[in-house]
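Working notes, structure below.
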There are 2 protein chains.
Amino acid sequence: MIFNCKSKIVLTDKQKTLIEKIGISYEKEGLQPVAARISGLLYVADNPHLTFDEITEALQISKSATSNGINLLLQMQRIEYITFSGDRRRYFRLKISNWREEFKHKIEVMAGFNSLMREVLAIRTKETPEYNERIKELADFLDYVFQQLPLLLQQWDKEKNNKI
Amino acid sequence: MIFNCKSKIVLTDKQKTLIEKIGISYEKEGLQPVAARISGLLYVADNPHLTFDEITEALQISKSATSNGINLLLQMQRIEYITFSGDRRRYFRLKISNWREEFKHKIEVMAGFNSLMREVLAIRTKETPEYNERIKELADFLDYVFQQLPLLLQQWDKEKNNKI
DNA sequence: CAGTCAGTTCATAATTTTATGAACTAAAAA
DNA sequence: TTTTTAGTTCATAAAATTATGAACTGACTG
């Protein structure tokens, strides 16, 4: 058998508080409570790689809750895992590098709302030109943002490269 | 008594479908189902001003549901109402002009997450420099976006004025 | 003063979401 | 072969959210 150093995770009060804050923040975005706490834990834990049992224990939740939370986060591509030969456990970690994807996803959600606004404009009565114009203005702005945000990403990359 | 033309609102299937789509979209943002449907209704209804009873009837919901939904939307500043002398009813309409405020609010929510990331960085162990660097990168990008988005609003205003 | 109108409030019901623990599985170890 | 490990599944429980209808309020009306 391979030497398994299962050091129990001890969280400081600061870490616990921050896990809850991050949890609430993610909950507001619609993430399930347990999945939100797992994300928080992975942000603050000293070791960025945690096993199933470490998560279960650190958050004091049931195995089923951990199982569901982890599988949700895996499916959402917010976490990933690595394994080591001779050790059956998966070591989960945040896919932080994925924030670009998440950013793009948020833009797409905005764009989705925008296309609803276009649908609204298409079926609205023509009797209310001022009102329709306001909706159009909103839709146009969302178009503009949708077009500019990818540029923002590019510009940031450029600035970052200049600094290095 | 003043002549009260209470023309019952008749919704086409297209309108109903769109109300539901907008409803779901707003629900995903965390808005309560009824409030989300009321918003949808106010987007698609021929008349941008609807009374309490018109909303209740058009959406086939209870008076209490309408009352709660309307009060929530009023409190969130997403709708407002006007009145006419000799008519006790309130005529509700979307505060569409408020989309700027909502946009700013979304930026603030992002900034809130960013400040959580800064807190994470402050308490994270220094033993994981690469991981911390990734989190810092995310936080820096959010800072950048937070700084650039108000400019985006200004630029759009400029472009719009040039067109007029 | 009785009745109507335009809502609000509240207890309750229905629904949905979330979490649990016990039983299960499949692979590896003893 | 039996046991342990690393989870998964599922029925159920607990909690939170949402909607309802009946009773209520307070301003106006006749």
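These figures come from a predicted structure and were not determined experimentally.
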Note: contacts of residues 17-30 of chain B with DNA chain C (heavy atom, under 4.0 Å) are none

Exercise. Within a strict 4.5 Å, meaning less than it, do heavy atoms of the A/D143 and A/N114 side chains meet?
Worked result: yes

Checklist entry - Got a salt bridge between A/R100 and B/E137, using NZ or NE/NH1/NH2 to carboxylate O under 4.0 Å? => result no

Sorted by number, residues from residues 59-84 of chain B placing a heavy atom under 4.0 Å from DNA chain C are B/K63, B/S64, B/S67, B/N71

Requested in this report: Quick one: sort the B/F113 and A/Y43 rings into parallel, tilted or perpendicular, breaks at 30° and 60°.
Outcome: perpendicular

Per nearest nucleotide of DNA chain C, the residue lying toward the 5' end, A/A35 or B/F52, is B/F52

N or O in side chain of B/R90 less than 4.0 angstrom from C/dG7 OP1/OP2: yes

B/L31 atom CG is separated from D/dT17 atom P, nearest whole Å, by 14 Å

Under 3.5 Å, side-chain donor or acceptor atoms of residues 75-84 of chain A against the rest of the protein: list the pairs with distances, not counting sequence neighbours.
{"unit_1": "A/Q77", "atom_1": "OE1", "unit_2": "A/K95", "atom_2": "NZ", "d": "3.3"}
{"unit_1": "A/E80", "atom_1": "OE2", "unit_2": "A/R93", "atom_2": "NE", "d": "3.1"}

Notebook entry, point to check: Any donor-acceptor pair under 3.5 Å joining the side chain of A/R88 to the base of C/dA27?
Noted result: yes

From CD of A/Q32 across to P of D/dA16 the rounded distance in Å is 16 Å

- Item | Check ion pair A/D140-A/R118 (N to O, under 4.0 angstrom) | yes

- Task: State whether the side chain of A/T17 and the backbone N or O of A/D13 hold a donor-acceptor pair below 3.5 Å, judged by distance alone.
- Result: yes

- Does a side-chain heavy-atom distance below 4.5 Å link B/V145 with B/I107? no

Answer yes when A/E20 and A/R37 have at least one side-chain N-carboxylate O distance shorter than 4.0 Å, and no when they do not. yes

